There are 2 protein chains.
Amino acid sequence: MISESSKRRISESTIHRLSLYYRLLSVLEKESKETVSSKELAEREKLTPAQVRKDLSFFGSFGTRGLGYPVSELKRRIGEILGLDRQWSVALIGVGNIGSALVGYKEFQRQGFNIKLIFDNDQRKIGSNHKGIVVADIKNLEKELRENKIEIVVIAVPATVAQYIVDDVVKAGIKAILNFAPVNLKVPEDVFLRNENMSMELEYLSFALVNLFNGRGTNR
Amino acid sequence: MISESSKRRISESTIHRLSLYYRLLSVLEKESKETVSSKELAEREKLTPAQVRKDLSFFGSFGTRGLGYPVSELKRRIGEILGLDRQWSVALIGVGNIGSALVGYKEFQRQGFNIKLIFDNDQRKIGSNHKGIVVADIKNLEKELRENKIEIVVIAVPATVAQYIVDDVVKAGIKAILNFAPVNLKVPEDVFLRNENMSMELEYLSFALVNLFNGRGTNR
DNA sequence: TTATATTTGTGAATCAATTCACATTCATTA
DNA sequence: TAATGAATGTGAATTGATTCACAAATATAA
Ligand SMILES: NC(=O)c1ccc[n+]([C@@H]2O[C@H](COP(=O)([O-])OP(=O)(O)OC[C@H]3O[C@@H](n4cnc5c(N)ncnc54)[C@H](O)[C@@H]3O)[C@@H](O)[C@H]2O)c1
Ligand SMILES: NC(=O)c1ccc[n+]([C@@H]2O[C@H](COP(=O)([O-])OP(=O)(O)OC[C@H]3O[C@@H](n4cnc5c(N)ncnc54)[C@H](O)[C@@H]3O)[C@@H](O)[C@H]2O)c1
C-alpha cells in the first residue's frame, strides 16, 4: 500500500519506527488522547519531529496543520501499512525452550499473528497439546503448511538443523520466515527472512561496557 | 579498546556486523581454515568486501596483503573488541515463559554471559530451582545485584511493571540492560539499554508480504 | 472576520554509511 | 631475485538517511 507505485524505497529503519509509532498510538488511544503532534510523538520515542513527519509522509499525509495527527485514525492507517489490519496464519517449528515461550505469548495473537500449527520431530512431543494446539510431526511439514495456508513460519529448532528445515519450508511455498537459530540461513531472493538474534544484543551491551564508558547509553 | 582514543564513532551496524564475523569465524575455525579473505567473509554474510575491510579497519589492521586474515587470530581480536574475552555476570528478572527459556539457554554461557541471579515476585517461584539457580525475591533486588557484582540485567517481566523494575535496577548501579518487554523504558543517559522486540520483526515480515511483493526478501 | 499561533509536509542541506578504486604490501612462482 | 598475482587498507566518491527551514494550511482567540 505504498502510494504511487512505490516510487521511493522505504528503509528498514522507517518500518521499525512505524512499529514504535503504532505501539505508542495504542497507548495514547487508551489515554483517550484525540490528537498528537509530531513533536510529542518524537519526544516520547527519542526522535526528532522532522523524522516522524518524514516517515509518515512516505505513505501519505495523515495530519492537520496547526493541530497534529488524529490518534485513532493514524493508528489505523499505520496498522494498514504494516498489515496489522488482517489476520496472519503462522506456523512454529521446534517446541523447545524458546518455542514453548512463543506459543504461550498472547501478544502475538492480539496483533493478528495466529499460531495455527506447531511442529517437532521429538516423538514425546508429537501429539501433545500446547495451548490448544496439537504438535504435528515434522514429516508432514510441507503438506500441512500448504493445507493450512500458512503465511509466516517461525524457526525455533537447533542451529544444526535449521537450514534443512528452512529448505523444506521454502519448498512449501512460504515467503516469510522469522528465524531464532543463530545461523546464517540461505533462502531464495523472493523469500523474506528476518533473524532474531539475542546474542547480538548482549554482545552490543558487552561492547558498550568495554568501549564506550565516556559516551552514553543508546536505545534502539 | 578502540584504537587511538576513539576518534571516530563506531556505528551500531558495524558492531552488529562484528558479531556476525565473530560467529562466522568460529565456523571457519572449526573447518580448520587458516586464513580468510574479505571477499569470502563478504560472500558468506551477503556484504561487500569493502564493507568488511572498512569495519575491521576501524579497530586496526589485522590482515596480510595478498593473503587475507588469519582466522583464529581475527576471531580472538574481534572477541576482544566485543568484550567476549571475559566473563560477564548477568541477572534475569522474571521467570515466566521467556525468562525460563533464557535460563535454559546454554549458548549465552558459552559466550561468557553467566546468569548468576534470577528474580521473581511470585511466591510459588521464589526459592524454586531453575538449572541450579534458586529464584530470589524481587524485594532483595538492589542488595543482591550489588553483592553479586552483576553487570548486565535482562528484563523479562510484564510490560506493565517493567519501568518500576528498571528504576530499581538503575538505582543498583547497573549500566547495561536488555529488555524483552514491549515498552519504551526510560533510563539515564549513562545506562545502555537495548530492546529485544520480537513483534517488530513479525511486523516487518507482515509489511513485506503486504507491500513488497515485487521486490525481494531482505535479511538483516 | 481578522490576526495570531501552531503544526504539517517537503524540498534543500547536511550528516553518515557504504562503495569505489587504487597504491601498497606481501606471498608465491619461475 | 625478479616478476606476477592476490588482497589489504584507506582516501575519495557516492549513495542513503536525517535534519533543517520555511511556505502553506488550519485552529483558535480577539
Ligand atoms: N532458549 C533461548 O533462550 C534461545 C535464545 C536465542 C536463540 N535460541 C535459539 O533457538 C533455537 C531453539 O532453542 P531452544 O533453547 O528452544 O532449544 P531446544 O533444544 O529446547 O528446542 C529445540 C526444539 O526443536 C526440536 N527439533 C530438533 N530437531 C528438529 C527437527 N529436525 N524438526 C523439528 N523439530 C526439531 C526439538 O525436539 C526441540 O523441541 C536454537 O537454535 C537456539 O540457538 C534460543
Ligand atoms: N513469551 C514470549 O514469547 C515473549 C515474546 C516477546 C516479548 N515478551 C515479553 O517478555 C515479558 C515476559 O513475558 P512472558 O511471556 O515470559 O510473561 P510471563 O507472565 O510468563 O512471565 C512474567 C514473569 O514476571 C514475573 N513478575 C511479574 N511482576 C514482577 C515483579 N514486579 N517483579 C518480579 N517479577 C515479576 C511473573 O511472576 C512471571 O514469572 C513480557 O513483557 C512480554 O511482553 C514475551
Side-chain angles (χ1 to χ4, degrees), chain A residues 2-4 6-21 25 28 33-71 73-74 77-78 81 204 215 218-220, chain B residues 2-4 6-21 25 28 33-71 73-74 77-78 81 204 215 218-220:
Chain A
I2 299 171
S3 56
E4 308 303 316
S6 49
K7 274 282 160 46
R8 294 175 243 213
R9 180 150 203 89
I10 308 294
S11 77
E12 179 174 319
S13 337
T14 291
I15 301 310
H16 280 332
R17 283 191 299 268
L18 288 189
S19 289
L20 294 178
Y21 304 149
L25 288 163
L28 295 172
K33 229 166 169 299
E34 304 241 310
T35 59
V36 64
S37 66
S38 59
K39 181 155 170 286
E40 186 173 353
L41 287 171
E43 267 159 15
R44 297 188 55 159
E45 296 291 346
K46 293 220 205 78
L47 302 167
T48 64
Q51 175 102 80
V52 172
R53 295 201 299 276
K54 181 70 81 182
D55 283 338
L56 296 176
S57 78
F58 293 139
F59 300 95
S61 46
F62 309 118
T64 304
R65 291 166 194 223
L67 188 61
Y69 300 93
V71 171
E73 168 69 3
L74 183 59
R77 298 296 293 272
I78 294 179
I81 294 163
Y204 190 95
T218 321
N219 297 17
R220 170 130 43 124
Chain B
I2 298 170
S3 55
E4 309 304 316
S6 50
K7 278 280 161 44
R8 297 175 240 216
R9 181 152 202 88
I10 307 294
S11 77
E12 179 176 319
S13 337
T14 291
I15 301 309
H16 280 333
R17 284 191 299 268
L18 289 189
S19 290
L20 294 178
Y21 304 149
L25 288 164
L28 294 172
K33 228 163 169 303
E34 303 242 312
T35 58
V36 64
S37 65
S38 59
K39 181 155 171 285
E40 186 173 354
L41 287 172
E43 268 160 14
R44 298 189 54 159
E45 295 292 346
K46 293 220 204 76
L47 302 167
T48 65
Q51 174 101 79
V52 173
R53 295 200 299 275
K54 182 70 82 182
D55 283 339
L56 296 176
S57 78
F58 293 139
F59 301 96
S61 45
F62 308 119
T64 305
R65 290 168 195 221
L67 187 62
Y69 300 92
V71 171
E73 168 70 4
L74 182 60
R77 298 296 290 272
I78 294 179
I81 294 163
Y204 190 95
T218 320
N219 298 17
R220 170 129 46 123

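Model, not experiment: these values are computed from the prediction. In what follows, chains carry the letters A, B, and so on, assigned in the order in which the sequence lines appear, proteins first and then strands, with residues in each chain numbered from 1.
- Whole-Å rounding puts the A:Arg17 CZ to D:dA17 C1' distance at 8 Å.
- The CZ atom of A:Arg9 sits 16 Å away from the C1' atom of C:dT18 (whole-angstrom rounding).
- B:Ser38 and B:Arg53 make their closest contact through OG-NH1, 3.1 Å (heavy atoms, listed as atom of the first residue, atom of the second, distance).
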Verdict with supporting geometry, A:Leu18 and A:Leu56, side-chain contact (heavy atoms from CB on, under 4.5 Å): CA-CA 8 Å; A:Leu18 288 189; A:Leu56 296 176; 4.2 Å; yes
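- Atom CZ in A:Arg65 sits roughly 21 Å away from atom P in C:dT4 (whole-Å rounding).
- Taking side-chain N and O atoms only, A:Tyr69 has no distance below 4.0 Å to OP1 or OP2 of D:dT26.
- At least one side-chain heavy atom of A:Arg44 sits under 4.5 Å from a side-chain heavy atom of A:Leu28.
- Rounded to whole Å, the distance from CZ on A:Phe58 to P on D:dT18 is 8 Å.
- Comparing D:dA27, C:dA17, C:dG9 by their nearest atom to the side chain of B:Ser11 picks out C:dA17.
- In this structure the side chain of B:Leu74 never reaches within 4.5 angstrom of the side chain of B:Tyr21, judged on heavy atoms.
- A straight line from CG of B:Leu56 to P of D:dT8 spans 9 Å, rounded to a whole angstrom.
- Taking atom NZ of A:Lys54 as the reference point, atom P of C:dT14 lies 15 Å away to the nearest angstrom.
- Toward the 5′ end of DNA chain D lies the nearest nucleotide of B:Gly63, the other residue of the pair A:Ser13 and B:Gly63 mapping further downstream.
- For the pair A:Arg53 CZ and D:dA25 C1', the computed distance is 13 Å after rounding to whole Å.
- With rounding to whole Å, A:Gln51 atom CD is found 16 Å from D:dA21 atom C1'.
- The listed nucleotides are D:dT26, C:dT19, C:dT18; the one nearest the side chain of B:Thr48 is C:dT19.
- For the atom pair CD (B:Gln51) and CG (B:Asp55), the distance works out to 5.0 Å, reported to the nearest 0.5 Å.
- Residues B:Ala42 and B:Thr48 share a closest heavy-atom pair of CB-C, 3.4 Å.
- For B:Glu34, the salt bridge (Lys or Arg N to Asp or Glu O under 4.0 Å) criterion is met by no residue, not counting sequence neighbours.
- Non-hydrogen atoms lying under 4.0 Å from DNA chain D are contributed by B:Ser37, B:Ser38, all within residues 37-45 of chain B.
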